[in-house]
Amino acid sequence: MQTVFNTIKSIALKIDHAIKTEDLGYSDSANSSGEEQLKLDVKSDYIIEQAFKDISIVKALVSEEKEGVLLLHEKGKYTICYDPLDGSSLVDVNLSVGSIFGIYEGELTGENLVASAYVVYGPRIELMITTRHGKPLHYRAQGEEFNLIGEVSLQGKGKLNAPGGTQQNWCDYHKTFIDDLFAQGYRLRYSGGMVPDLHQILLKGGGLFSYPGTFDKPEGKLRQLFEVMPFALMYEQAGGQAITNKGSRLLELTPKHPHDTSPCFFGSNFEIEALKIAYGIKA
Ligand code: P6P
């Protein structure tokens with residue numbers, strides 16, 4: 001597994017360089033979700049594929065930017081599902097973006113997610129890594145080296161509220177719940193980039209990130225394999241919760257298609273328990 005993490009560190013340095021030096025324009029292609037691809041999306045995907053292709057413990061790759069499964073090594077142990085540059089449309093307004101990695105052993109289901117990692121490309125390059133054991137580990141790049149900053153834990157209750165999705169398409173009880181958090185004094189922290197938005201809540205002690213089912217996207221927008229479940233593992237290992245709109249753990253999801261999405265809620269225990277009440281999941 002350490003080989004995978006070391007490879008992610010080298011990927012992070014290469015993608016950060018690409019962000020800072022390469023063309024921000026659109027390519028002439030679309031990804032498997034039909035979204036226009038930036039040249040940076042394609043370049044970041046290429047960097048990741050090239051980095052893992054000679055790592056024998058990596059059986060296959062599944063990219064948010066492509067259809068299907070890329071088989072690398074028949075006898076490999078891990079399948080890595082990744083979003084190469086999540087929130088890439090924010091690069092041209094100079095906001096932070098990120099790469100997300102889910103490391104699966106066996107079938108691509110939540111229970112087989114054995115580790116996850118994400119990289120934040122911001123004023124500094126930051127890396128978060130977790131397995132099923134222990135707290136997430138926070139690293140910061142200094143030149144070509146990643147220095148360990150420490151373990152990350154969520155407090156029981158936080159102060160930040162990151163409400164995703166188009167508000168006019170929220171259901172009434174979701175809007176009431178979100179507005180009530182603000183009425184309690186929660187601070188709005190939402191950039192439209194999942195990685196920096198969830199990173200901020202983790203590092204600032206807690207709160208809630210929500211991307212609900214909406215009238216236009218009943219199954220939510222965020223992808224189970226590449227986005228939702230890797231962060232669900234991070235939040236659970238940090239002492240928080242990560243659930244669906246039905247109250248089940250996101251790590252119990254079993255995607256039918258690699259690009260399946262799910263409504264998702266990540267946060268400290270207090271906020272998640274309050275959401276369960278607002279959603280009628282618990283009394
Ligand atoms: P909305 C970026 O496009 C992304 O996939 C995530 O990084 C982010 O959390 C979400 O979409 C933002 O979506 O609908 O709130 O703009």
Side-chain angles (χ1 to χ4, degrees), residues 15 19 24 26-27 29-42 44-45 48 62-66 81-102 116-122 126 128 160-171 174-175 177-179 181-182 188-204 207-232 234-235 242-245 250 253 255 257-267:
I15 291 179
I19 289 169
L24 300 183
Y26 279 94
S27 70
S29 59
N31 66 16
S32 48
S33 303
E35 296 158 339
E36 267 192 305
Q37 282 181 311
L38 286 162
K39 289 175 186 169
L40 267 180
D41 288 321
V42 177
S44 301
D45 186 58
I48 294 172
V62 186
S63 169
E64 194 259 353
E65 292 298 334
K66 293 195 293 262
C81 299
Y82 64 90
D83 184 351
L85 199 60
D86 183 82
S88 54
S89 59
L90 299 172
V91 172
D92 64 2
V93 291
N94 205 28
L95 287 179
S96 296
V97 291
S99 301
I100 312 168
F101 302 86
S116 66
Y118 66 82
V119 182
V120 189
Y121 307 102
E126 301 212 344
M128 196 74 78
L160 305 184
N161 187 9
T166 307
Q167 296 200 22
Q168 71 182 52
N169 295 327
W170 289 351
C171 65
H174 182 76
K175 177 153 178 47
F177 171 65
I178 295 296
D179 289 347
L181 288 179
F182 286 129
L188 170 62
R189 292 290 183 271
Y190 193 78
S191 72
M194 179 183 196
V195 175
D197 289 345
L198 281 159
H199 185 61
Q200 178 173 199
I201 292 171
L202 272 178
L203 293 194
K204 297 277 188 186
L208 179 76
F209 176 101
S210 54
Y211 205 108
T214 54
F215 299 129
D216 59 332
K217 297 186 179 88
E219 291 309 312
K221 173 184 182 182
L222 303 179
R223 285 92 171 176
Q224 295 179 22
L225 279 178
F226 322 104
E227 296 166 321
V228 168
M229 294 195 290
F231 269 105
M234 285 287 170
Y235 267 65
I243 63 170
T244 69
N245 55 324
L250 290 165
L253 288 169
H257 181 279
H259 294 271
D260 280 355
T261 62
S262 173
C264 53
F265 307 90
F266 308 86

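None of these values were measured; they are calculated from a predicted model. Just so you know, ligand 1 is whichever comes first in the structure, and atom 1 is the first atom listed for that ligand.
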Near Leu222 (heavy-atom distance under 4.0 Å), the atoms of ligand 1 are 5 (O), 6 (C)

The one among Gln167, Glu64, Lys221, Glu227 that brings a heavy atom closest to atom 16 (O) of ligand 1:
Lys221

I want to know if ligand 1 touches Phe209 in the polar sense, i.e. an N/O pair below 3.5 angstrom.
no

Tabulate below the donor-acceptor pairs under 3.5 Å that side-chain atoms of residues 215-222 make, not counting sequence neighbours, or state none.
residue, atom, partner, partner atom, Å
Asp216, OD1, Asn169, ND2, 3.2
Asp216, OD1, Thr214, OG1, 2.5
Asp216, OD2, Asn169, ND2, 3.3

For ligand 1, which atoms have a heavy atom of Gly165 less than 4.0 angstrom away?
15 (O)

Which one of Leu208, Asn161, Leu160 satisfies the side-chain contact (heavy atoms from CB on, under 4.5 Å) criterion with Ile201?
Leu160

Of the non-hydrogen atoms in Pro263 and Pro212, which two are nearest, and what is the gap between them?
CB-C, 3.9 Å

Angle class for the Phe265/His174 ring planes (parallel below 30°, perpendicular above 60°, tilted otherwise)?
tilted

Where the closest heavy atom to atom 9 (O) of ligand 1 is concerned, which of Arg223, Lys217, Met194 has it?
Met194

Closest approach of Pro163 to Phe182 (non-hydrogen atoms, all atoms of both residues):
CG-CZ, 4.1 Å

For atom 2 (C) of ligand 1, what's the nearest protein heavy-atom neighbour? Residue, atom name and distance, please.
Gly192 O, 3.6 Å

Yes or no: does Asp86 have any heavy atom under 4.0 Å from an atom of ligand 1?
yes

In Å, rounded to the nearest 0.5 Å, how long is the span from NZ of Lys204 to NE2 of His199?
10.0 Å

N or O contact, Tyr211 vs ligand 1, cut-off under 3.5 Å
yes

With atoms numbered from 1 as shown, which atoms in ligand 1 lie under 4.0 angstrom from a non-hydrogen atom of Tyr190?
1 (P), 12 (C), 13 (O), 15 (O)

Ignoring hydrogens and geometry beyond distance, is a side-chain donor-acceptor pair present between Tyr82 and Asp45 at under 3.5 Å?
yes

